[in-house]
Amino acid sequence: MKYWLIKSEPDCYSIDDLKRDKKTAWTGVRNYQARNFIREMKVGDLIIYYHSSANPPSAAGVAKVVKAPYAEKEPLWSAVDVGFVEKFENPLTLPVIKINPKLDGMMVTQQGSRLSVQPVSKEHFEVIRKLGMVVSRP
DNA sequence: GCCAACGTTGGC
DNA sequence: GCCAACGTTGGC
């Protein structure tokens, strides 16, 4: 079981869109490194759903792989289907992710990391999920 | 909208 | 195989 992070611009396709659609085909990845990660995905792998180019950018929820990688454009590119798991009550914004020492070393916080599909450690995944589900009260 | 940091392309 | 030019990503 592996853990991943995928980026999407919410204006384009947000966690709410995924919630509504239940699942979607994750196509259009045109970066070799990201493609190689897609090819490593297995059904059941969990995914941090990250909103990029947003105000602020944030980890917005959790998705999962629901269909194994398949060729999108033979033989070059690959895709998977991802399904909705949960939307965070308390999305973790990028500054918050950066500040948390438990989340040190995540690819998404590294400067210039433009990879739209990234591996995430189990520890990092669980910290983000836990914090995301917590509803902060005054 | 700006721009820095990347990845990719293409001439040589 | 180098590297300049170009296009894209994504934080701010």
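All chains are named by letter (A, B, ...) in the order of the sequence lines, taking the proteins before the strands, and each is independently numbered beginning at 1.
- Nearest nucleotide to the side chain of A:Asn31, out of B:dG7, C:dC12, C:dG10: B:dG7.
- The nucleotide whose nearest atom lies closest to any side-chain atom of A:Tyr32 is, among C:dG10, B:dT8, C:dC12, B:dT8.
- Contact record, A:His124 with A:Lys102: CD2-O, 3.2 Å, taken as the closest heavy-atom pair.
- Rounded to an integer number of Å, the gap from A:Gln118 CD to B:dG7 P is 12 Å.
- Note: CE (A:Met106) to C1' (C:dG10) measures 16 Å, nearest angstrom.
- In this structure, the ring of A:Tyr70 has its center no less than 6.0 angstrom from the ring center of A:Trp77.
- Side-chain N/O atoms of A:Tyr50 include one lying less than 4.0 angstrom from OP1 or OP2 on C:dG11.
- In this structure, A:Asp11 atom CG and B:dG1 atom P are separated by 13 Å, rounded to whole Å.
- For A:Leu76 and B:dG7, the CG to C1' distance is 15 Å, given to the nearest whole Å.
- The nearest whole Å value for the distance from the NZ atom in A:Lys98 to the P atom in C:dG10 is 13 Å.
- Out of C:dC12, B:dT8, C:dG10, the shortest distance to the side chain of A:Leu94 is found at C:dC12.
- Nucleotide C:dG10 holds its C1' atom 19 Å from the CZ atom of A:Arg30, rounded to whole Å.
- In this structure, a donor-acceptor pair under 3.5 Å is present between the side chains of A:Ser78 and A:Arg39.
- The main-chain N or O of A:Met106 is found under 3.5 Å from a side-chain atom of A:Thr109 such that the two form a donor-acceptor pair.
- Of the candidates C:dG10, B:dG7, C:dG11, the closest approach to any side-chain atom of A:Gln33 belongs to B:dG7.
- The side chain of A:Lys7 places an N or O atom within less than 4.0 Å of a non-bridging phosphate oxygen (OP1 or OP2) of C:dG10.
- Whole-Å rounding puts the A:Leu5 CG to C:dG10 P distance at 11 Å.
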Original post:
Taking it one step at a time, do A:Asp45 and A:Trp4 satisfy side chain to side chain donor-acceptor pair (under 3.5 Å)?
Top reply: CA-CA 8 Å; A:Asp45 283 1; A:Trp4 309 94; 3.0 Å; yes
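- One can place CE of A:Met107 at 17 Å from C1' of C:dG11, the figure rounded to the nearest angstrom.
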